[in-house]
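A short write-up of the structure that comes next.
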Amino acid sequence: MKKNILIGVEMALIILAVISMIGLYQDNKSKETVIQDNKTEIKELKYNLTLQENANNTTDIAEKTKFINSAFSYYLNYNEDNYNSRFKELETYFSLDVIDKLSGAGVTEKPSIAIKSSARNYVTYVNPAEPDSFVHVTDIFYQVADNEPTTFKNVYVIHLSERDNEYIIDNVDVFSGTPTNK
């Protein structure tokens, strides 16, 4: 009789252990589902964060390219009347070293003949090789007196930095194309 009671108790314990294991298995499965859902949510949040960071970066790039386009508009669009005075305006866009580099030897002399320079078809690219580096490509139409205008394409490799919380172009390398009369 004691043997039967002992067997009955063992059977009850085995049944309880099996039920407990089934319960733990189901609990682990539901936790696994919750973990998987959390991983999916984390992945989506990371993706949204990346999109937001890229949008912020795009805004930053748009502001910088607008600044560069304005700077080169002041630099490249001139005539004999504003040839010298434009360099004063350039101080808000370019470092003094860059202005010296871009101005050449005749900056202090007013041209004695009619000249006109205008930049057209300009595009500014982000230079992927270096942070805060850009490539500005433009067609320049240059006319002296009543002669046919000469057209050439210039490529400017630009480095941008900040001075007093304002952008400043602190380095420019110029690559000039072959002039044409088209």
Side-chain angles (χ1 to χ4, degrees), residues 12-78 86-103 117-142 151-178 180:
L13 287 175
I14 290 174
I15 291 172
L16 285 174
V18 168
I19 292 172
S20 178
M21 288 175 72
I22 291 171
L24 286 174
Y25 176 78
Q26 288 176 340
D27 188 45
N28 282 344
K29 278 295 187 187
S30 82
K31 285 181 181 178
E32 186 177 311
T33 303
V34 168
I35 289 171
Q36 188 60 38
D37 290 344
N38 287 343
K39 284 182 179 180
T40 303
E41 184 179 356
I42 288 170
K43 188 183 262 186
E44 289 172 2
L45 290 171
K46 283 182 179 179
Y47 176 74
N48 289 337
L49 181 61
T50 301
L51 288 178
Q52 187 175 15
E53 287 173 350
N54 288 343
N56 290 342
N57 192 28
T58 302
T59 302
D60 185 46
I61 290 170
E63 288 174 2
K64 289 176 180 179
T65 55
K66 183 179 178 182
F67 175 83
I68 290 167
N69 291 340
S70 293
F72 278 88
S73 178
Y74 277 106
Y75 171 59
L76 296 172
N77 295 305
Y78 61 88
R86 70 190 164 111
F87 287 104
K88 188 67 178 161
E89 184 66 36
L90 292 180
E91 291 177 10
T92 59
Y93 294 101
F94 297 93
S95 70
L96 293 177
D97 289 340
V98 172
I99 291 172
D100 287 343
K101 183 178 181 179
L102 294 175
S103 63
S117 173
S118 61
R120 300 181 187 158
N121 305 323
Y122 57 85
V123 181
T124 302
Y125 302 97
V126 174
N127 182 354
E130 185 180 331
D132 290 324
S133 181
F134 298 83
V135 177
H136 183 79
V137 181
T138 186
D139 292 332
I140 300 172
F141 294 84
Y142 190 77
T151 305
F152 53 98
K153 185 176 293 291
N154 271 9
V155 177
Y156 301 88
V157 178
I158 302 156
H159 185 266
L160 199 62
S161 62
E162 287 191 36
R163 177 179 67 188
D164 300 327
N165 293 326
E166 297 289 330
Y167 297 128
I168 188 81
I169 297 171
D170 60 5
N171 191 33
V172 175
D173 290 316
V174 183
F175 303 92
S176 292
T178 304
T180 61

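- Here the straight-line distance linking atom CG of Asn121 with atom NZ of Lys153 works out to 6.5 Å at 0.5 Å rounding.
- For the atom pair CD1 (Ile42) and CG (Asp37), the distance works out to 11.0 Å, reported to the nearest 0.5 Å.
- Under the 3.5 Å distance criterion, the side-chain polar atoms of Ser117 are matched with a main-chain donor or acceptor of Leu76.
- Between the side chains of Ser176 and Asn154, a donor-acceptor pair is found at a separation under 3.5 Å.
- The shortest non-hydrogen separation linking Val137 to Tyr125 is CG2-CE1, 4.0 Å.
- Residue pairs satisfying the salt bridge (Lys or Arg N to Asp or Glu O under 4.0 Å) criterion with at least one member in residues 124-137, sequence neighbours excluded, are listed as follows: Lys64-Asp132.
- Atom OG in Ser95 sits 8.0 Å away from atom CG in Asn171 (nearest 0.5 Å).
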Q: Run the numbers on Thr138 and Tyr156 for side-chain contact (heavy atoms from CB on, under 4.5 Å), then give the verdict.
A: CA-CA 9 Å; Thr138 186; Tyr156 301 88; 3.9 Å; yes
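- Taking OH of Tyr75 as the start and CG of Leu90 as the end, the distance is 8.5 Å to the nearest 0.5 Å.
- Note that the CD atom of Glu63 and the CG atom of Asp60 stand 6.0 Å from one another [nearest 0.5 Å].
- The side-chain heavy atoms of Lys101 and Asp97, taken from C-beta on, include no pair separated by under 4.5 Å.
- In this view, Tyr93 and Phe67, Ser70, Ala71, Tyr74, Glu89 satisfy the side-chain contact (heavy atoms from CB on, under 4.5 Å) rule, not counting sequence neighbours.
- Here the CG atom belonging to Leu160 is positioned 8.5 Å from the CD1 atom belonging to Ile168, to the nearest 0.5 angstrom.
- Looking only at distances, no side-chain donor or acceptor of Ser118 sits under 3.5 Å from a matching main-chain atom of Asn77.
- Separation of the Tyr122 and Phe72 ring centroids does not fall under the 6.0 Å cut-off.
- Counted by atom type alone, Thr124 and His136 present one or more donor-acceptor pairs between their side chains at under 3.5 Å.
- The closest donor-acceptor contact from the side chain of Ser73 to the backbone of Asn69 lies at 3.5 Å or more, if one exists at all.
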